[in-house]
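Just below is one structure, and these are the notes that go with it.
All chains are named by letter (A, B, ...) in the order of the sequence lines, taking the proteins before the strands, and each is independently numbered beginning at 1.
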Amino acid sequence: MSGINDFAFKIGTVNGTGSASANGLLMQAIFRMGVPVTGKNLFPSNIQGLPTWYEIRVSKDGYTARPAAVDLVVALNPSTYAKDVATVRPGGFLLYDSTWPLHPDLVREGITILGIPFGGLCLEAFEGDRDRTLLRNIAYAGGLAALLDIDMEIVGTMLTEKYGRKPKLLDSNHRAIRLGYDYAKAHFDCPLPFSLVPMDETRDSILMDGNTACALGALYAGATVGAWYPITPATALMEAFKGFCEKYRVDRETGLHNYAILQAEDEIAAAGIVIGAGWAGARAFTNTSGPGISLMQEFIGLAYYTDIPAVFFDVQRCGPATGMPTRTQQADLLSLAYASHGDTKHLVLFPADPREGFEMAVQAFDLAERFQTPVFVASDLDIGMNDWMVKRLEWDDDYRPDRGKVLDADALASVQKFSRYLDVDGDGIAARTLPGVGAKGAYFVRGSGHDKHAAYTEDSDLYQEVVDRLKRKFEHAAAAMPTPVVSLRDRADVGLITIGSCDAAVREAADLLDAQGIVVDVMRIRGFPFGTEVRQFLERHGHVFVIEQNRDAQLRSLLAIELSYAPDLMTPILDYGGLPLTAKVVVDAVAAHVAGVHT
Amino acid sequence: MSGINDFAFKIGTVNGTGSASANGLLMQAIFRMGVPVTGKNLFPSNIQGLPTWYEIRVSKDGYTARPAAVDLVVALNPSTYAKDVATVRPGGFLLYDSTWPLHPDLVREGITILGIPFGGLCLEAFEGDRDRTLLRNIAYAGGLAALLDIDMEIVGTMLTEKYGRKPKLLDSNHRAIRLGYDYAKAHFDCPLPFSLVPMDETRDSILMDGNTACALGALYAGATVGAWYPITPATALMEAFKGFCEKYRVDRETGLHNYAILQAEDEIAAAGIVIGAGWAGARAFTNTSGPGISLMQEFIGLAYYTDIPAVFFDVQRCGPATGMPTRTQQADLLSLAYASHGDTKHLVLFPADPREGFEMAVQAFDLAERFQTPVFVASDLDIGMNDWMVKRLEWDDDYRPDRGKVLDADALASVQKFSRYLDVDGDGIAARTLPGVGAKGAYFVRGSGHDKHAAYTEDSDLYQEVVDRLKRKFEHAAAAMPTPVVSLRDRADVGLITIGSCDAAVREAADLLDAQGIVVDVMRIRGFPFGTEVRQFLERHGHVFVIEQNRDAQLRSLLAIELSYAPDLMTPILDYGGLPLTAKVVVDAVAAHVAGVHT
Amino acid sequence: MTSIAKPPVRHPGSRTNGRGLTLRDYEGAMSTLCAGCGHDSVTAAIVQAAWELELEPHRAAKMSGIGCSSKTTAYFMKQSHGFNSVHGRMPSVTSGASAANRALTYIGISGDGDSLSIGLGQLSHAIRRNVRMLYVLENNGVYGLTKGQFSASADIGSTSKKGESNEQAPIDPVLLALTLGATFVARSFSGDKTQLVPILKAGLAHNGLALVDVISPCVSFNDHEGSTKSYAYTREHEVEAVHTDFVPLQREIVIPETGEDVTVVTMHDGARVRLRSTSADYDPTNRESAYAYVRACQAQHEIATGLLFVDESGRDMHEMMKTVPTPLVDVPYAQLCPGKSALDALMERYR
Amino acid sequence: MTSIAKPPVRHPGSRTNGRGLTLRDYEGAMSTLCAGCGHDSVTAAIVQAAWELELEPHRAAKMSGIGCSSKTTAYFMKQSHGFNSVHGRMPSVTSGASAANRALTYIGISGDGDSLSIGLGQLSHAIRRNVRMLYVLENNGVYGLTKGQFSASADIGSTSKKGESNEQAPIDPVLLALTLGATFVARSFSGDKTQLVPILKAGLAHNGLALVDVISPCVSFNDHEGSTKSYAYTREHEVEAVHTDFVPLQREIVIPETGEDVTVVTMHDGARVRLRSTSADYDPTNRESAYAYVRACQAQHEIATGLLFVDESGRDMHEMMKTVPTPLVDVPYAQLCPGKSALDALMERYR
Ligand SMILES: Cc1ncc(C[n+]2csc(CCOP(=O)(O)OP(=O)(O)O)c2C)c(N)n1
Ligand SMILES: Cc1ncc(C[n+]2csc(CCOP(=O)(O)OP(=O)(O)O)c2C)c(N)n1
Ligand code: SF4
Ligand code: SF4
Ligand SMILES: [Mg+2]
Ligand SMILES: [Mg+2]
């Protein structure tokens with residue numbers, strides 16, 4: 001299967017030793033060679049000393065899903081030797097640090113074992129333990145550059161870009177790269193059977209993680225208030241927003257900020273800040289993960305019942321409870337869709353990659369203000385923390401924020417009487433006023449029972465009038481959500497439905513199934529509530545597969561509940577081990593099912 | 001419709017003026033006459049000065065649901081005159097305080113208006129404003145006693161029981177009752193067309209509210225730790241538990257307590273206390289309502305993922321958000337069933353009345369310890385705070401708590417190695433040890449990823465092994481949940497499915513529909529996950545009606561998700577205005593649907 | 001019946017202030033609290049203070065959590081936006097609103113349950129953030145709305161209506177605030193309007209979070225013999241440590257005739273607060289001495305009242321965050337969005 | 001590699017205590033913290049203290065929240081049950097466990113983020129409840145596990161690795177605990193094992209919640225120049241206010257040779273704690289003076305350490321709740337269930 005510009009390799013090291021930068025270097029170099037590439041960082045939930053892996057997939061055809069098999073493993077962490085060697089595909093290669101004698105765990109038949117004494121080379125070449133450990137990573141990058149034919153000029157330029165201002169560092173890095181490179185060249189016949197050849201497939205692409213992209217979306221949407229409490233894997237989103245604000249939102253002269261970022265005491269407070277700011281008229285958001293979503297439930301219900309806009313980025317991780325904070329999952333779907341006690345329904349967006357994370361971040365703020373309600377962007381660790389190769393982000397300067405129905409002083413002057421929750425247009429959306437606009441627009445927000453005039457009530461009919469309007473509003477939102485991405489092939493046998501980061505693997509699986517003679521249509525759902533297109537796809541296919549990354553088939557449940565679609569007609573394909581989905585999982589499940597049906 | 005021992009009346013007053021005791025007096029007197037009776041208290045969410053109503057239904061046939069129409073209204077609150085008068089059924093009666101001239105709001109055609117100068121009578125007869133206001137209530141009770149033929153001897157005895165030790169109070173109450181009674185006798189021809197005649201239908205019954213009953217259940221189950229944060233309508237549950245503990249759990253000599261009740265700083269802490277106590281081996285519980293359930297989400301997920309028993313009483317109120325704290329609803333179903341982020345599923349019990357609240361409270365502790373997981377008792381304000389006529393609570397002294405699989409020191413000695421999450425029996429339940437039992441049984445509880453030995457893991461397979469076991473455990477629990485109450489009539493046209501406090505109204509509706517020639521089967525679901533009986537009922541009927549008190553048909557959603565039953569085959573009948581369900585709502589909906597089908 | 005008809009104090013609703021507004025214009029909906037509830041008196045004091053300060057009603061925002069106390073934001077300044085949020089979370093909602101629109105005057109009302117039990121964390125962190133707001137804690141030692149359970153401010157030995165006595169050490173909002181670095185800490189009594197009004201005015205003028213702990217008796221559940229938060233007990237044990245006069249910008253400050261030591265603090269808006277310590281060794285601008293004094297009073301079962309500590313030099317949330325003077329809600333979108341060219345340029349950094 | 005191989009201090013794993021257990025027997029799983037993390041030293045000190053106190057490992061329970069600090073309960077006393085709960089909620093879980101089984105020794109480990117941000121309310125209310133437990137707050141001024149954001153204990157002006165300086169006033173767990181009525185309040189330094197061990201032993205013997213704030217530097221995110229929680233800064237600014245000796249029941253107490261004023265406190269289990277104040281005007285049994293002293297040190301950027309305040313006369317949670325001496329988990333069901341006859345009788349009251 002592997003070959004020129006079509007292979008995958010994995011590096012197993014220990015976290016906190018600086019391997020990340022070496023891995024990034026490799027990935028970026030390949031990208032700059034114009035060859036489509038993706039990297040998946042599988043890291044532990046601590047700061048230093050535990051096993052960590054980095055998987056890089058090179059695909060001339062542009063497949064970005066996590067590879068099912070790896071052609072080459074670089075095993076640099078003794079504690080995981082056995083496990084790592086086992087993942088080399090038959091006929092594949094193993095690269096280890098031959099400073100020490102070949103460890104028995106590393107011995108395996110049917111693969112080629114290569115040794116480079118990275119440790120030893122660095123020991124001779126450099127001073128000080130810290131430097132030696134760090135540069136050992138650069139050295140293996142050099143070795144891989146030789147084995148895979150990575151353009152050393154590009155690597156050189158990148159090192160210069162990075163360490164240009166620090167000559168000593170620059171020099172040592174250059175030397176370290178060379179150590180590995182030269183040793184490999186001298187001892188093995190490079191390149192390996194699978195290697196790189198320059199292409200021109202990445203010109204209009206970038207390498208970006210989803211947290212950065214969502215932060216950019218918030219910046220461009222004009223968000224001014226960010227409130228958060230640190231939590232993996234969401235932390236980087238607000239840190240990126242902060243970085244962008246410091247770059248684009250600080251007044252040159254005064255040094256004053258056109259933004260406010262509040263690191264709250266916990267997620268409950270973060271939600272409260274966002275809701276207070278949204279009520280006051282700012283575009284406000286928070287970034288969190290599962291545990292935070294659980295803690296925010298009460299506040300989410302308040303915003304829902306009082307028609308207050310708020311944007312929540314849920315960078316999902318592996319649950320339940322603390323779970324595996326550095327593993328990915330799509331298991332918060334029910335918690336988001338029906339967040340909070342009582343009858344509640346919420347708008348949710350499902351980006352598939354960082355680029356869509358950027359776009360949906362902007363949409364989230366528009367939807368939140370237009371429908372005056374909480375909106376969730378259901379990202380995940382894979383999207384949020386891995387570098388994805390996506391098309392360059394684009395911006396249309398004609399974009400204007402959709403602030404929804406807001407009555408300013410003039411508009412107020414023209415109305416007889418202002419009733420906060422009066423549904424004039426029949427779309428369930430009532431015009432709001434912002435505090436400070438004037439006495440006529442003053443009203444009292446309360447999470448307790450209220451009528452359409454925002455007055456306190458314990459009357460059944462008046463109470464129902466308001467919650468019925470909220471239901472109507474939710475139904476109207478369906479048409480405003482991003483439509484699903486549907487790819488139809490003629491004579492399709494089956495329909496596949498998926499969401500979010502499963503997309504890459506599912507699209508790849510579609511091609512592989514096609515090659516097996518199983519023709520499939522694919523629909524990737526992008527928003528909740530579901531629009532008519534979703535229903536049409538279901539009805540068109542009768543029976544479908546629903547592919548998602550959780551144990552309990554949560555997307556399937558949402559489809560059954562909201563579209564009254566028979567669950568029996570939706571066969572779940574579930575992957576919830578915490579790693580990004582591979583096409584193989586989908587292919588095997590569908591093929592097996594189809595075979596089953598035909599026997 | 002109304003007649004002897006078959007009518008309903010309503011009293012509209014202002015809260016905090018002492019009418020509650022008068023209303024209780026009336027209800028209890030009727031009960032002691034041997035006539036089936038129920039009372040519904042519709043009170044406001046403040047302490048003093050807002051409208052409050054008390055509805056009493058007398059039903060020789062033993063129907064306990066809230067009446068759809070009232071035959072007599074006692075209007076004593078000017079601010080709600082208009083509203084109250086409108087609720088008198090055509091041909092019905094209105095009783096008002098004729099101390100003041102008949103207020104225009106009270107005038108209505110087609111009803112009989114009776115006036116008794118309660119205020120004036122008390123002004124003459126008693127000293128002091130406070131006493132006069134209080135006794136005015138007793139006076140109207142007297143008036144009603146005359147109009148409805150309530151046995152004055154019984155009333156007299158009750159007053160003596162109540163004020164026996166306070167002669168002055170006793171006397172004034174006796175006089176107050178007489179004032180109203182004699183005036184009515186003198187001015188109207190008593191009794192009214194509908195009135196009371198002694199029966200012998202309440203001998204083996206009691207009048208009790210659900211919070212008291214659940215507290216008794218916790219007491220009898222051997223619960224030792226109660227943790228809570230006050231919230232309407234759940235507060236009284238823990239207060240009742242405290243009362244019972246002071247009566248039955250305090251050591252005669254030492255005065256020391258065989259229980260610990262902790263009023264926590266909030267619901268999150270209350271949940272933590274319950275989980276800590278459950279982990280340590282105590283039967284622990286908390287009582288809360290919607291907002292508390294939202295706040296407890298994170299902790300609930302922890303208990304689920306770490307196999308810790310915990311019992312939660314959710315006395316549901318009208319949501320979302322603060323909602324209407326003194327109104328009833330069944331709208332936390334989804335929040336309970338799938339509480340917390342990530343893949344989680346929980347055991348839920350649905351009592352229909354206080355008696356079942358008592359029984360299910362006991363079951364909840366058995367299930368929690370047997371399945372080592374959170375168990376919810378989904379009560380509601382109607383069950384929890386209203387006095388219901390139910391059969392006497394019974395206890396079997398042979399009952400022994402089901403502590404589930406707990407390895408004590410001896411058991412530990414006999415095992416090779418203790419692995420906390422090892423599923424030996426294939427039922428998904430792994431044996432646990434309690435802290436302090438011995439070094440061999442020591443293990444480390446963590447909400448983070450763990451394997452079957454309770455060791456930390458970030459490995460996909462080891463993680464999945466544990467969450468798959470939890471799923472298995474949940475599936476096994478279905479057979480252990482209380483079975484649904486099914487009533488089948490031959491040649492039934494339709495099937496009705498309901499839960500909890502809707503039961504009384506639905507059963508009454510079944511009889512009324514039968515009278516209309518529409519024969520219905522009824523199934524009341526009592527536990528989640530659903531057992532095979534639930535599926536059978538669905539399959540037997542194909543199409544069913546699902547009757548519940550929430551806006552979003554949450555029970556129907558659970559049926560669709562968990563039984564993969566087509567939502568289209570389940571027509572929702574939803575009532576969510578916050579008042580107890582009436583049979584009329586069900587009859588009208590079913591009849592209309594049937595009519596629709598037949599045209 | 002008006003929101004403040006219930007409390008004893010009556011007022012001439014007719015006189016107008018500098019804005020041509022009468023007291024009535026600062027009132028709200030009808031109170032649904034119990035007759036005699038201390039909270040209604042606090043409401044009356046707030047109406048008075050706002051009227052005297054000539055606040056623009058619609059430029060103020062009323063924030064609260066859940067509880068009888070938290071309901072009171074509905075009973076004053078009907079021309080202001082109000083936000084009755086969730087239990088114990090008013091501080092975070094107010095922080096967010098203030099972050100979005102710093103130009104409004106924020107009046108937060110809370111209770112001892114709302115702020116010291118479920119809301120303790122939020123109160124504490126709002127103090128650290130130093131959000132510009134008046135934070136009135138209507139303290140009655142119980143959860144009124146849920147019918148009288150002890151709150152975290154109940155004193156040891158204080159008894160409930162049923163005769164039970166509280167066992168746990170109380171949280172004193174004043175000592176807590178002083179410990180957490182609050183820059184304006186006061187205590188008063190709902191029954192002492194003359195003391196309360198100037199304190200509220202000073203709090204409204206303060207550049208940061210002004211915490212005012214107001215003993216506000218609950219007549220339904222905690223006004224009995226044996227309660228240490230009853231009207232009677234508070235009257236007996238109240239000791240005014242600092243007497244406060246509020247001198248608006250316009251008015252000339254009168255030099256005290258008496259020889260008492262007086263501290264004059266100039267608020268950021270130019271108004272001045274004249275603080276007269278009733279005991280020599282007390283300095284309301286010294287955090288340590290304030291703390292020690294309040295503690296000492298406690299030891300003698302005395303309730304120290306007055307504007308106990310003020311530090312007008314503190315930095316509020318926006319100074320710490322370096323936000324622009326323009327409320328963020330008023331910053332035009334054009335200034336917020338870097339635009340296409342910037343994005344295109346930025347893309348090069350991700351290759 | 002053992003849990004405490006990383007910290008500097010090495011020990012002879014061979015010697016046995018009165019229970020015939022070696023230090024190794026009090027160790028736990030291998031630490032996964034960064035090499036040099038202060039928390040590992042605290043772990044070592046706990047192992048030492050438990051060994052010296054001759055605790056029965058399986059009669060102790062290790063409680064924690066979430067964070068690098070909270071992970072450490074896995075690194076000592078592997079023969080004890082451990083409960084690594086959720087972020088900031090260890091105090092409530094421990095309260096519940098203690099309510100159920102008062103016979104165990106509870107060792108709670110938390111961090112400054114876990115206890116002062118998300119967990120501030122729970123810490124405060126556990127103090128009020130006075131749960132019998134050792135509460136070790138491993139304080140490094142940052143959220144280590146989430147990569148170094150400022151925590152609520154960061155001092156004003158303390159800079160982050162990126163050079164940003166903290167703006168908000170810090171929460172000092174010691175001042176907070178003293179204000180809330182804690183009966184055992186200490187501060188120490190992970191780098192000062194000789195001081196820390198006796199304090200931990202005293203805390204384990206205390207009849208109530210023993211709060212020990214341990215400055216425990218984060219080498220990965222807060223050990224740089226400009227941080228006020230670094231090893232260097234703490235070493236320079238630490239001032240021992242009270243020197244602590246722990247004298248177990250068995251041993252005879254030695255009358256101090258020196259003329260220094262020494263306070264001897266007898267713990268409820270009979271053991272004694274000898275407190276030697278390093279400054280004359282300091283009395284570790286007086287809450288007010290302790291508070292004032294710690295504040296005064298702060299003013300001079302000094303970190304007062306030692307067993308700063310202890311009051312062994314306080315009542316713990318169970319005394320306040322009047323629970324039976326037998327752990328509730330051991331009370332036989334027969335004593336808990338009133339039985340059929342009682343219920344039948346009770347039914348008459350509901351007619
Ligand atoms: C999350 C949540 N928990 C509990 C409640 C119930 N509740 C309403 S008010 C209140 C306490 C109010 O006490 P306090 O703040 O002192 O106000 P007061 O009524 O005494 O003025 C409680 C526990 C609630 N509304 N929300
Ligand atoms: C509810 C929740 N929010 C956020 C997190 C992420 N988180 C894990 S540890 C931590 C802070 C830890 O700081 P601290 O208690 O000081 O421990 P340290 O790592 O510094 O020792 C945070 C915010 C979480 N696990 N749970
Ligand atoms: S219950 Fe107490 S606090 Fe609430 S309104 Fe009545 S008197 Fe006021
Ligand atoms: S990150 Fe800091 S606190 Fe966490 S283990 Fe490393 S040094 Fe310790
Ligand atoms: Mg209160
Ligand atoms: Mg920390």
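- Heavy-atom distances place no part of Ala223(B) under 4.5 Å from chain D, backbone and side chain included.
- Closest approach of Cys337(D) to Trp395(B), counting heavy atoms only: SG-NE1, 3.6 Å.
- Two residues are said to be in side-chain contact when any heavy atoms from C-beta on lie closer than 4.5 Å; Ser92(D) and Phe299(B) meet this criterion.
- Put simply, the side chain of Thr212(B) reaches to within 4.5 Å of the side chain of Tyr350(D), judged on heavy atoms.
- Of all heavy-atom pairs spanning Ala442(B) and Lys78(D), the tightest one is CB-O, 3.9 Å.
- Using a 4.5 Å heavy-atom cutoff, the side chains of Leu256(B) and Pro325(D) are in contact.
- Residue Met90(D) does not touch chain B at all, counting heavy-atom pairs closer than 4.5 Å.
- Using a 4.5 Å cut-off between heavy atoms, Met317(D) touches chain B through its side chain atoms alone.
- For Phe31(B), the part lying under 4.5 angstrom from a heavy atom of chain D is the side chain only.
- Contact of Arg203(B) with chain D is made through the backbone alone, with heavy-atom distances under 4.5 Å.
- Side-chain atoms of Asn84(D) never come within 3.5 Å of backbone atoms of Val445(B) as a donor-acceptor pair (strictly under, hydrogens ignored).
- Counting heavy-atom pairs closer than 4.5 Å to chain D, the top-ranked of the candidates Ala264(B), Gly441(B), Gly255(B) is Gly441(B).
- In this structure, the portions of Pro338(D) lying under 4.5 Å from any heavy atom of chain B include both its backbone and its side chain.
- Rounding to the nearest 0.5 Å places OH of Tyr220(B) at 12.0 Å from CG of Leu336(D).
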Q: Take Phe244(B) and Leu346(D), measure what side-chain contact (heavy atoms from CB on, under 4.5 Å) needs, and give me the verdict at the end.
A: CA-CA 10 Å; Phe244(B) 290 126; Leu346(D) 188 67; 3.7 Å; yes
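- The residue among Asp387(B), Asp266(B), Leu434(B) with the most heavy atom pairs within less than 4.5 Å of chain D is Leu434(B).
- The candidate from Thr326(D), Val93(D), Thr73(D), Thr94(D) with the greatest count of non-hydrogen atom pairs under 4.5 Å with chain B is Val93(D).
- With a 4.5 angstrom heavy-atom cutoff, Arg249(B) touches chain D only via side-chain atoms.
- Note that CG of Asp344(D) is 8.0 Å distant from CD of Glu394(B), once rounded to the nearest 0.5 Å.
- Contacts between Ala227(B) and chain D at a heavy-atom distance below 4.5 Å are absent for every atom of the residue.
- Scanning all heavy atoms of the two residues, the minimum distance from Ile261(B) to Met321(D) falls at O-SD, 4.1 Å.
- For chain B, the option among Gln79(D), Lys340(D), Arg349(D), Met63(D) with the highest count of heavy-atom pairs below 4.5 Å is Lys340(D).
- Of the two parts of Asn258(B), the backbone and the side chain both hold a non-hydrogen atom closer than 4.5 Å to a non-hydrogen atom of chain D.
- Heavy atoms of Thr323(D) lying under 4.5 Å from chain B belong to its backbone as well as its side chain.
- Both the backbone and the side chain of Arg446(B) come within contact range of chain D, judged by heavy atoms closer than 4.5 Å.
- The distance from atom CE of Met347(D) to atom NZ of Lys391(B), rounded to the nearest 0.5 Å, is 13.5 Å.
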- [ ] Quick one: do His257(B) and His318(D) satisfy side-chain contact (heavy atoms from CB on, under 4.5 Å)? Show the steps, please.
- [x] CA-CA 10 Å; His257(B) 301 176; His318(D) 283 284; over 6 Å; no
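- In this structure, the side chain of Arg351(D) does not engage the main chain of Leu207(B) through any donor-acceptor pair within 3.5 Å.
- Proximity to chain D (any heavy atom under 4.5 Å) is restricted, for Leu216(B), to the side chain, taken from C-beta onward.
- Contacts between Glu161(B) and chain D at a heavy-atom distance below 4.5 Å are absent for every atom of the residue.
- Both the backbone and the side chain of Thr224(B) come within contact range of chain D, each with at least one heavy atom under 4.5 Å from a heavy atom of that chain.
- Side chain of Arg59(D) to main chain of Gly436(B): a donor-acceptor pair is present (N/O by atom type, distance under 3.5 Å, no hydrogens or angles).
- In this structure the side chain of Leu393(B) reaches within 4.5 angstrom of the side chain of Leu343(D), judged on heavy atoms.
- The two residues Gly281(B) and Val329(D) come nearest to each other via the heavy atoms C-CG1, 3.5 Å.
- When heavy atoms are compared at a cutoff of 4.5 Å, Val225(B) approaches chain D solely by way of its side chain, counted from C-beta outward.
- Proximity to chain D is absent for every atom of Lys440(B), based on heavy atoms less than 4.5 angstrom apart.
- Taking non-hydrogen atoms and a 4.5 Å limit, the residue list of residues 98-113 of chain D in contact with chain B, ordered by number, reads Ala99(D), Ala100(D), Asn101(D), Leu104(D).
- The contact between Ala342(D) and chain B is made by backbone and side chain atoms together, counting heavy-atom distances below 4.5 Å.
- Under a 4.0 Å N-O distance rule, the pair Arg129(D)/Glu265(B) qualifies as a salt bridge.
- Of the atoms belonging to Tyr305(B), not a single heavy atom falls under 4.5 Å from chain D.
- For Tyr399(B), the parts sitting under 4.5 Å from any heavy atom of chain D are the backbone and the side chain alike.
- Top candidate by heavy-atom pairs under 4.5 Å with chain D, chosen from Pro435(B), Ala282(B), Pro401(B), Ala284(B), is Pro435(B).
- In this structure, the side chains of His81(D) and Val437(B) come closer than 4.5 Å at one or more pairs of heavy atoms.
- Residues Trp279(B) and Phe83(D) approach most closely at CD2-CD1, 3.4 Å, considering heavy atoms.
- The shortest distance between side-chain heavy atoms of Val250(B) and Lys322(D) does not fall below 4.5 Å.
- Both the backbone and the side chain of Val324(D) come within less than 4.5 Å of a heavy atom in chain B.
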